[in-house]
**Q** 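This is the structure, below, for whatever I ask next.
Throughout, a chain's letter reflects where its sequence line sits, starting with A, and its residues are numbered from 1.
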Number of protein chains: 2
Amino acid sequence: MITSPRAHRMTKQRQIILDVLRSTDCHPTADWIYEKVRQEIPRISLGTVYRNLRVLKEIGDILELNYGSTYSRFDGNSRAHYHFVCLECGNIQDIHVPVYTELDKAASEKVDGKVEFHRMEFYGTCSGCQ
Amino acid sequence: MITSPRAHRMTKQRQIILDVLRSTDCHPTADWIYEKVRQEIPRISLGTVYRNLRVLKEIGDILELNYGSTYSRFDGNSRAHYHFVCLECGNIQDIHVPVYTELDKAASEKVDGKVEFHRMEFYGTCSGCQ
DNA sequence: GTACGTGCAAATATTTTGCAGCAGT
DNA sequence: ACTGCTGCAAAATATTTGCACGTAC
């Protein structure tokens, strides 16, 4: 018998978590998502939110960000893109520039292994904090 | 009276923590550093290690990395450089390529704020995990 | 019907902090 | 001497997990 890859069920909880994440352009924390989803499913637990965020990340539907904080933020846009992090307020913006895939090749030659992709975060001060 | 910038004292603890971090090319966790420093100062506390890592980071002597883990890793090399993270084992290598400072300028034009620097991490599989 | 998913609560893991005494400058 | 720093222990924070029941497929 062939071991099939683990099937994922689209539960009401998982769907709404994904919807919440896709409907915002901020990069929320697990707790922010929890509060938001609770407006639709009041009895959902924080554990369920975390479990679903992990699954969605493994599937590749969302990204987990952890830039300088003790907690993670999540991004409903899984296409490769860069971020701008404000050093003052911690806010994160998406940056709309094409991804420099050629950098992976340059890095490959300097590394003991196989490079698959990269992430880049720009840091500075956002206009609100100037 | 002029408020002077807060002075930092170079204690035995702080010096040894910095020495430990500078003498390794791995990117250790706070706990790894704690165990290492304990060989020299057996009664040091983990709280002291965390407090000093924070100060050293603020001074700019070390870097705090948190790429995909629930815990931070630290880097005794504070000059700008890139990292290669193995997706299998979590190991981190330094990459010796010149830093692309021109990317900051390109990002500046797309961002609502002032870009000061960037960080980049390459992901893939290290040779030991192939 | 099967086995993945859920809610709940307790457990982990990591990092921070209050306090009284210690030590660098 | 002044004030930052330390060890200790407890607290705070974020995330994970065991369990019995629920539900997507």
**Q** Got a donor-acceptor contact below 3.5 angstrom from the Ser78(A) side chain to the Leu63(A) backbone?
**A**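 Judged by distance alone, no pair lies under 3.5 Å.
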**Q** Tell me the interatomic distance from Arg14(A), atom CZ, to dG7(C), atom C1', rounded to whole angstroms.
**A** 15 Å
**Q** Can a side chain N or O of Ser72(A) be found less than 4.0 Å away from OP1 or OP2 on dT15(D)?
**A**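 Yes, within the criterion.
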**Q** For Thr125(B), does its backbone N or O pair with a side-chain atom of Gln130(B) as donor and acceptor, under 3.5 Å?
**A** yes
**Q** If I take atom CZ in residue Arg73(A) and atom C1' in nucleotide dT13(D), what distance separates them, rounded to the nearest angstrom?
**A** 15 Å
**Q** Could you check how far CD1 of Ile16(B) sits from P of dC5(D), rounded to whole Å?
**A**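 Result: 16 Å.
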**Q** Taking His27(A)'s backbone N and O only, do any of them form a donor-acceptor pair with Arg73(A)'s side chain (distance below 3.5 Å, no angle check)?
**A** yes
**Q** Once you round it to whole Å, what is the distance between P of dT23(D) and CZ of Arg9(A)?
**A** 12 Å
**Q** Compute both the distance and the angle, then confirm whether Arg119(A) meets the cation-pi test with Tyr82(A): under 6.0 Å from the six-membered ring centre, within 45 degrees of the axis.
**A**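 Pair Arg119(A)/Tyr82(A) does not count as cation-pi.
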**Q** Grab the two heavy atoms, one from Pro28(A) and one from Cys26(A), that are nearest each other, plus how far apart they are.
**A**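 Looking at all heavy atoms of both residues, the shortest contact is CD-O, 3.2 Å.
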**Q** Can you measure Phe74(B) atom CZ to dT14(C) atom P for me and round it to whole angstrom units?
**A**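 It works out to 12 Å between those atoms.
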**Q** Could you give the NZ-to-C1' distance, from Lys12(B) to dT25(C), as a whole number of Å?
**A**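 So the NZ-C1' distance, Lys12(B) to dT25(C), works out to 18 Å.
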**Q** Looking at Asn52(B), I'd like to know whether one of its side-chain N or O atoms comes within less than 4.0 Å of OP1 or OP2 on dT6(D).
**A** yes
**Q** Taking CD from Gln13(B) and C1' from dA23(C), how many angstroms apart are they, rounded to a whole number?
**A**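 Rounded to the whole Å, the gap is 9 Å.
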**Q** Heavy atom of residues 17-51 of chain A under 4.0 Å from DNA chain D: which residues?
**A** Leu46(A), Gly47(A), Tyr50(A), Arg51(A)
**Q** Expressed as a whole number of angstroms, how long is the span from Leu53(A):CG to dT17(D):C1'?
**A** 16 Å
**Q** Kindly say whether Asn66(B) contributes a backbone atom to a donor-acceptor pair with the side chain of Asn66(A) at under 3.5 angstrom?
**A**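 Yes, because the side chain of Asn66(A) sits within donor-acceptor range (under 3.5 Å) of the backbone of Asn66(B).
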